[in-house]
Amino acid sequence: MAQTAQGYSFSKFAGLDFYAEVNAATLDLAQIGKQRNIVDLSCGNGGISKQILERLEDAKHSVIYAIDHSASALRDARENIGDRTDPAVKYVQGEVQNLSELLGEKVDSIVYFNAIHYVPDKAALLKMIREAIKPGGTFVFNSSFFKGAHPPETDLFARKWMMKSLRMLKREYGLRAIRADKTEARQQLTPEEYYELLRDGGFEITAEEIHRIEVPIDGWYDISGFQDFIEGVMPGVPLEIARECLQKACKETWEEMELDTVPRNWMMVVASRA
């Protein structure tokens, strides 16, 4: 995942209540509180690490590794979580491909939320994650970017929103999106393709669920300010211009359709290292 431009991060979206809800549901599906050594991979602002902390059954003997490639994200996480000694929270800057070296020990569980869809070589990722987990340990992930994430009844909203955004882009700025620049986040797999990758990578699926979330307008508006989403739906367009068109069109479409929420499906998976 490339470095995010300043002012176009995921943090605003990540602070919304419904996003915390789906991550909490994934952690509960995994019974994460029973684990002791847990990695929060791509921890961002630390929101998921905080949810893990709340669930630990043996905090005194537990360690959470909050790992992110971004120094600024780790600063935000440290501030968000605060000083903790029981359990220990270790903040580690580094890339996922160096995971075993960053940890220095095998762990009970690795949590990787709403990010696996960015990784081009998912088989290689699973190999690295498996090497970092103890036998019988778990890999827990979720994603809202997969084939099936959009319930069919949301098609009209999505189509109107995108068409209105693109017309605005052309009318007000004389620009068009460059479809050849499609980002990796838009290359989506089905849940069954993920399950097959896990089995081929030496994991056994122990729990899986497609979780439906009713997303309010704040979710769609804020995701329109996230660089990776912008580059997925308006590739090649300057970020500031694309954000303005997407957010303005989102509000207009929402009002025209008199919507309260628009649902989105999240894939939640718990897999054990065989």
Side-chain angles (χ1 to χ4, degrees), residues 1 9-33 40-52 54-55 80 111-119 138-162 165 183 185-195 205-230 232-233 246-247 249-251 253-255 257-271:
M1 185 173 171
S9 76
F10 192 67
S11 59
K12 192 171 183 181
F13 180 90
L16 296 173
D17 289 344
F18 81 88
Y19 186 69
E21 176 189 335
V22 74
N23 289 328
T26 309
L27 294 174
D28 291 340
L29 184 68
Q31 300 182 8
I32 201 68
D40 179 7
L41 194 57
S42 295
C43 68
N45 67 1
I48 294 162
S49 290
K50 285 186 72 174
Q51 290 184 321
I52 295 171
E54 294 167 358
R55 288 163 169 77
N80 191 15
V111 171
Y112 194 39
F113 283 3
N114 216 41
I116 196 169
H117 45 267
Y118 290 114
V119 180
T138 58
F139 173 45
V140 186
F141 70 94
N142 63 25
S143 175
S144 60
F145 287 93
F146 66 96
K147 290 181 182 177
H150 294 280
E153 65 269 27
T154 68
D155 288 348
L156 181 59
F157 165 70
R159 186 167 61 250
K160 285 189 172 184
W161 177 21
M162 290 302 113
S165 300
T183 64
R186 311 303 291 178
Q187 310 299 323
Q188 299 176 3
L189 302 181
T190 65
E192 289 73 23
E193 287 171 326
Y194 275 106
Y195 305 156
I205 298 165
T206 57
E208 49 84 13
E209 183 178 324
I210 303 299
H211 195 73
R212 180 183 171 110
I213 289 286
E214 295 294 333
V215 182
I217 188 173
D218 289 351
W220 304 104
Y221 185 87
D222 288 349
I223 200 65
S224 301
F226 177 41
Q227 179 175 342
D228 294 285
F229 180 83
I230 293 171
V233 297
L246 286 166
Q247 291 184 337
C250 178
K251 283 188 172 182
T253 304
W254 201 270
E255 292 172 0
M257 296 184 68
E258 299 181 336
L259 299 168
D260 294 317
T261 60
V262 172
R264 178 86 174 195
N265 292 328
W266 252 262
M267 175 180 60
M268 310 190 307
V269 182
V270 183

Asker: Among Y118, Y19, F113, which residue meets the ring pair (Phe, Tyr, Trp, His ring centres under 6.0 Å) test with F10?
Answerer: Y19
Asker: Atom CD1 of I52 and atom CG of D40: how far apart are they, to the nearest 0.5 Å?
Answerer: 5.0 Å
Asker: Is the gap between the ring centers of F13 and F229 under 6.0 Å?
Answerer: no
Asker: Please check this pair: side chain of W161 against backbone of A249, looking for a donor-acceptor N/O pair closer than 3.5 Å.
Answerer: no
Asker: To the nearest 0.5 Å, tell me how far C250 SG sits from E255 CD.
Answerer: 9.5 Å
Asker: So do the side chains of F226 and K12 get within less than 4.5 Å of each other, counting heavy atoms only?
Answerer: no
Asker: Say whether, by atom type as modelled, one donor and one acceptor occur between the side chain of W254 and the main chain of L259 under 3.5 angstrom.
Answerer: yes
Asker: Side chains of R212 and P151: does their closest heavy-atom pair fall under 4.5 Å?
Answerer: yes
Asker: What's the separation between atom CE in M267 and atom OG in S144, rounded to the nearest 0.5 Å?
Answerer: 9.5 Å
Asker: Any Lys/Arg nitrogen of R55 or D28 sitting under 4.0 Å from an Asp/Glu carboxylate oxygen of the other?
Answerer: yes
Asker: Any idea which heavy atoms bring P216 and W220 closest together, and the distance?
Answerer: O-CD1, 3.3 Å
Asker: Specify the closest pair of heavy atoms between Q188 and K147, including all atoms of both residues, with the distance to one decimal.
Answerer: O-CE, 3.0 Å
Asker: Are R264 and F146 in a cation-pi contact, defined as NZ or CZ under 6.0 Å from the six-membered ring centre and within 45° of the axis?
Answerer: no
Asker: If you measure from CD on E209 to CE on M268, what distance do you get to the nearest 0.5 Å?
Answerer: 3.5 Å
Asker: For residues Y195 and V269, determine if any side-chain heavy atom of one lies less than 4.5 Å from a side-chain heavy atom of the other.
Answerer: yes
Asker: Is the shortest heavy-atom distance from the side chain of E21 to the side chain of E214 under 4.5 Å?
Answerer: no
Asker: Which value, rounded to the nearest 0.5 Å, describes the distance between L29 atom CG and H211 atom NE2?
Answerer: 10.0 Å
Asker: Give a yes/no verdict on a cation-pi contact between K251 and Y221, requiring under 6.0 Å between NZ or CZ and the six-membered ring centre and an angle within 45° of the axis.
Answerer: yes
Asker: Does a sphere of radius 6.0 Å around CG in D155 hold more than 12 heavy atoms from other residues, nucleotides or ligands, not counting ones at 6.0 Å or beyond?
Answerer: yes
Asker: Using a 4.5 Å cut-off on heavy atoms from C-beta on, say whether the side chain of Y194 contacts that of I116.
Answerer: yes
Asker: How about H117 and F141: do any of their side-chain heavy atoms sit closer than 4.5 Å?
Answerer: no
Asker: So, N142 side chain and N23 main chain: donor-acceptor pair closer than 3.5 Å or not?
Answerer: no
Asker: Kindly compute the distance separating CD1 (I217) from OG1 (T261), expressed to the nearest 0.5 Å.
Answerer: 11.5 Å
Asker: For the residue pair E153 and P263, establish whether any side-chain heavy-atom pair is separated by less than 4.5 Å.
Answerer: yes
Asker: Which atom names give the shortest non-hydrogen contact between I48 and L27, and what distance separates them?
Answerer: O-CD1, 4.3 Å
Asker: Does any N or O in the side chain of N265 come within less than 3.5 Å of the main-chain N or O of I210, such that one atom is a donor and the other an acceptor?
Answerer: no
Asker: Quick one, M162 and L246 - any side-chain contact, counting heavy atoms below 4.5 Å?
Answerer: yes
Asker: Give a yes or no on whether the backbone of V270 and the side-chain of T206 come within a donor-acceptor separation of less than 3.5 Å.
Answerer: yes
